[in-house]
Chemist: 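My questions all concern the structure below.
Nothing here was measured: the structure is a model prediction, and the numbers come from that model.
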Amino acid sequence: MATVKKNISIPENIISQQGGIVILTLKEYQLLCKRAAPTYYLDEDEAKKTDLMVAEGVKAYKKGKCKKIKSLADLDKP
């Protein structure tokens with residue numbers, strides 16, 4: 001396996017303005033991203049309820065029963 005050496009120049013003002021620089025391998029970065037967003041697992045009953053709720057929402061959408069809103073306050077409007 002050949003060794004590749006390359007220099008990386010980072011201006012000092014960028015480092016001081018941003019508070020530093022972190023260099024990670026792609027694998028480390030992906031692991032960090034994975035840990036940053038929590039993963040939730042549903043038990044069988046909760047998964048079935050969620051599947052049913054999604055199916056009902058898709059049916060309502062296809063029937064045109066959904067409406068666009070700009071904010072949650074619009075939900076109270078007829």
Chemist: Is the CD atom of E44 crowded by more than 12 outside heavy atoms at less than 6.0 Å?
Modeler: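 Not buried by this count: 12 neighbours or fewer within 6.0 Å.
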
Chemist: Please check: side-chain N/O of E28 versus main-chain N/O of T25, any donor-acceptor pairing under 3.5 Å?
Modeler: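 Present.
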
Chemist: If you count the non-hydrogen atoms of other residues, nucleotides and ligands that lie under 6.0 Å from CG in L72, is the total more than 12?
Modeler: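 No, not enclosed.
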
Chemist: Are L31 and L24 connected in the hydrophobic side-chain network, where two residues link if heavy atoms are under 4.5 Å apart?
Modeler: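 Different clusters.
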
Chemist: Taking L42 as the starting point, is it possible to reach M53 by hopping between hydrophobic residues whose side chains are less than 4.5 Å apart?
Modeler: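 No, because M53 and L42 fall into different hydrophobic clusters, even though each may have its own neighbours under 4.5 Å.
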
Chemist: Are E56 and K59 ion-paired here, with the side-chain N under 4.0 Å from a carboxylate O?
Modeler: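 No, no charged N to carboxylate O under 4.0 Å.
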
Chemist: If you measure from CD1 on I8 to CD1 on I21, what distance do you get to the nearest 0.5 Å?
Modeler: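 Reported to 0.5 Å precision, the distance equals 10.0 Å.
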
Chemist: Hey, what do you get for CD (Q17) to CD (E12), rounding to the nearest 0.5 Å?
Modeler: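 Answer rounded to 0.5 Å: 11.0 Å.
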
